[in-house]
Number of protein chains: 2
Amino acid sequence: MLISQKCQYGLRAIFELARRGGSEPVSVAEIARVQAIPPRFLEIILGQLKQAGYVVSRRGAQGGYLLARDPADIAVGEIIQAIQGAIGPVHCLVESAGPECPLFGDCVFLPMWERARTAISGVFDDTTFADLVERAKQKERDPAASSAAWGI
Amino acid sequence: MLISQKCQYGLRAIFELARRGGSEPVSVAEIARVQAIPPRFLEIILGQLKQAGYVVSRRGAQGGYLLARDPADIAVGEIIQAIQGAIGPVHCLVESAGPECPLFGDCVFLPMWERARTAISGVFDDTTFADLVERAKQKERDPAASSAAWGI
DNA sequence: TACTATTCCGACTGGAGCAGTTGGGTATTG
DNA sequence: CAATACCCAACTGCTCCAGTCGGAATAGTA
């Protein structure tokens with residue numbers, strides 16, 4: 001499943017919150033500025049993320065958003081799930097119990113789709129925001145190198 | 001990237017051609033009937049697959065389509081590529097050299113997207129249509145079991 | 001030759017989802 | 001009370017998907 005722009009904004013927002021210690025709230029405007037996200041659109045996204053329990057908000061002056069959990073305890077896959085629903089290469093896999101393929105409950109491709117989904121969610125569920133912050137700080141210190149350990 | 005309906009039709013069509021030996025051409029109408037695909041839509045798909053060199057056509061009565069290669073030599077990933085273009089979890093990865101993220105050439109998420117793409121295309125490129133036909137025949141003989149060897 | 005089966009081609013359409021925008025309303029701080 | 005911020009819902013423009021439609025070209029069959 002293609003990761004939507006909206007979803008990427010959400011990931012960047014969570015990343016931004018994770019990067020700051022979490023001592024004081026960060027406003028939508030501030031996150032939007034730093035991460036180059038349309039501010040009003042970000043409002044919607046953070047609202048969704050709040051309802052899903054990943055951030056908490058503080059209203060009024062000096063308000064903003066705070067991470068509700070330890071960055072090491074938030075996987076990228078969770079945020080994707082919260083914003084754009086379950087991931088998977090095909091529809092009949094993500095909307096389980098739907099009408100699926102009209103006659104192929106025994107679809108030849110199903111095992112392959114299943115393996116693809118496992119592979120992709122493995123990547124997303126194994127990456128936490130603590131990892132990403134760590135990686136960003138590492139890169140700050142040493143702009144070169146630092147990619148070997150990430151397998152790319 | 002989500003595998004479109006069109007693409008799944010294409011895969012089913014190639015599978016159907018692979019399942020029959022390839023001795024004589026199969027018409028669009030026949031494939032459409034057996035695989036439950038809208039016939040006129042399948043025309044378009046097979047046209048695309050023909051142009052990409054995966055099938056050859058024979059016009060006129062008794063005409064139809066034939067596989068252009070050995071099923072063992074056609075990977076699922078190739079067909080997906082031919083029908084809906086390069087796969088990948090995010091846009092900035094599939095349309096390389098595009099404007100990408102506005103300011104993040106050093107996007108923190110890029111290595112993860114890259115790993116996701118590798119994981120998913122690994123699955124699709126390692127599955128050939130000979131594998132799928134084999135699996136289908138195996139299931140025909142023994143409807144139960146036969147899934148253990150496929151890792152699901 | 002006439003008929004029929006079949007591929008081939010381009011244009012068209014209805015619907016859905018994405019990427020935001022707009023206009024307000026409500027709580028909190030100073 | 002005014003400024004700062006979150007909160008909520010509706011609305012819009014756009015693109016892509018999934019398919020349809022009409023007809024033209026081609027090849028085998030009677």
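Below, chain A is the first sequence line, B the second, and so on; all start at residue 1.
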Next on the checklist: Using side-chain heavy atoms (C-beta onward) and a distance below 4.5 Å, is Trp113(A) in contact with Phe124(B)?
Outcome noted: yes
Item to check | Within 6.0 angstrom of Arg58(B) CZ, more than 12 heavy atoms from elsewhere | outcome: no
Next on the checklist: Given 3.5 Å as the limit, does a donor-acceptor pair link the side chain of Gln48(A) with the main chain of Ile83(A), or not?
Outcome noted: yes
Next on the checklist: Counting primed atoms plus P, OP1 and OP2 as sugar-phosphate and everything else as base, spell out the protein contacts along nucleotides 17-30 of chain D at 4.0 Å heavy-atom distance: B, S or - for each nucleotide, 5' to 3'.
Outcome noted: -SBBBBB-BBBS--
Checklist entry - With a 4.5 Å limit on heavy-atom distance, are the side chains of Val26(A) and Arg19(A) in contact? => result no
Checklist entry - Would you say Gln35(A)'s side chain and Phe15(A)'s backbone share a donor-acceptor pair under 3.5 angstrom? => result no
Checklist entry - Can you tell me how far C1' of dA5(D) sits from CG of Leu66(A), to the nearest Å? => result 13 Å
Item to check | Residues touching DNA chain D, which here means a heavy atom under 4.0 Å, drawn from residues 14-30 of chain B | outcome: none
Checklist entry - Do any side-chain nitrogens or oxygens of Ser57(A) fall under 4.0 Å of OP1 or OP2 in dA5(D)? => result no
Item to check | Donor-acceptor pair, side chain of Asp131(A) and main chain of Thr128(A), under 3.5 angstrom | outcome: yes
Checklist entry - Are the side chains of Pro89(B) and Leu2(A) in touch, meaning some heavy atoms are under 4.5 Å apart? => result no
Next on the checklist: Going 5' to 3' along DNA chain C, which are the first and last nucleotides with any atom under 4.0 Å from a heavy atom of chain B?
Outcome noted: dA5(C) to dC9(C)
Checklist entry - Is the shortest side-chain N to carboxylate O distance from Glu16(B) to Arg12(B) below 4.0 Å? => result no
Checklist entry - Any side-chain heavy atom of Val76(A) sitting closer than 4.5 Å to one from Leu11(A)? => result yes
Checklist entry - What is the distance, rounded to the nearest whole Å, between atom CD of Gln48(A) and atom C1' of dC8(D)? => result 13 Å
Checklist entry - Between Leu46(B) and Lys50(B), is any pair of side-chain heavy atoms under 4.5 Å apart? => result no
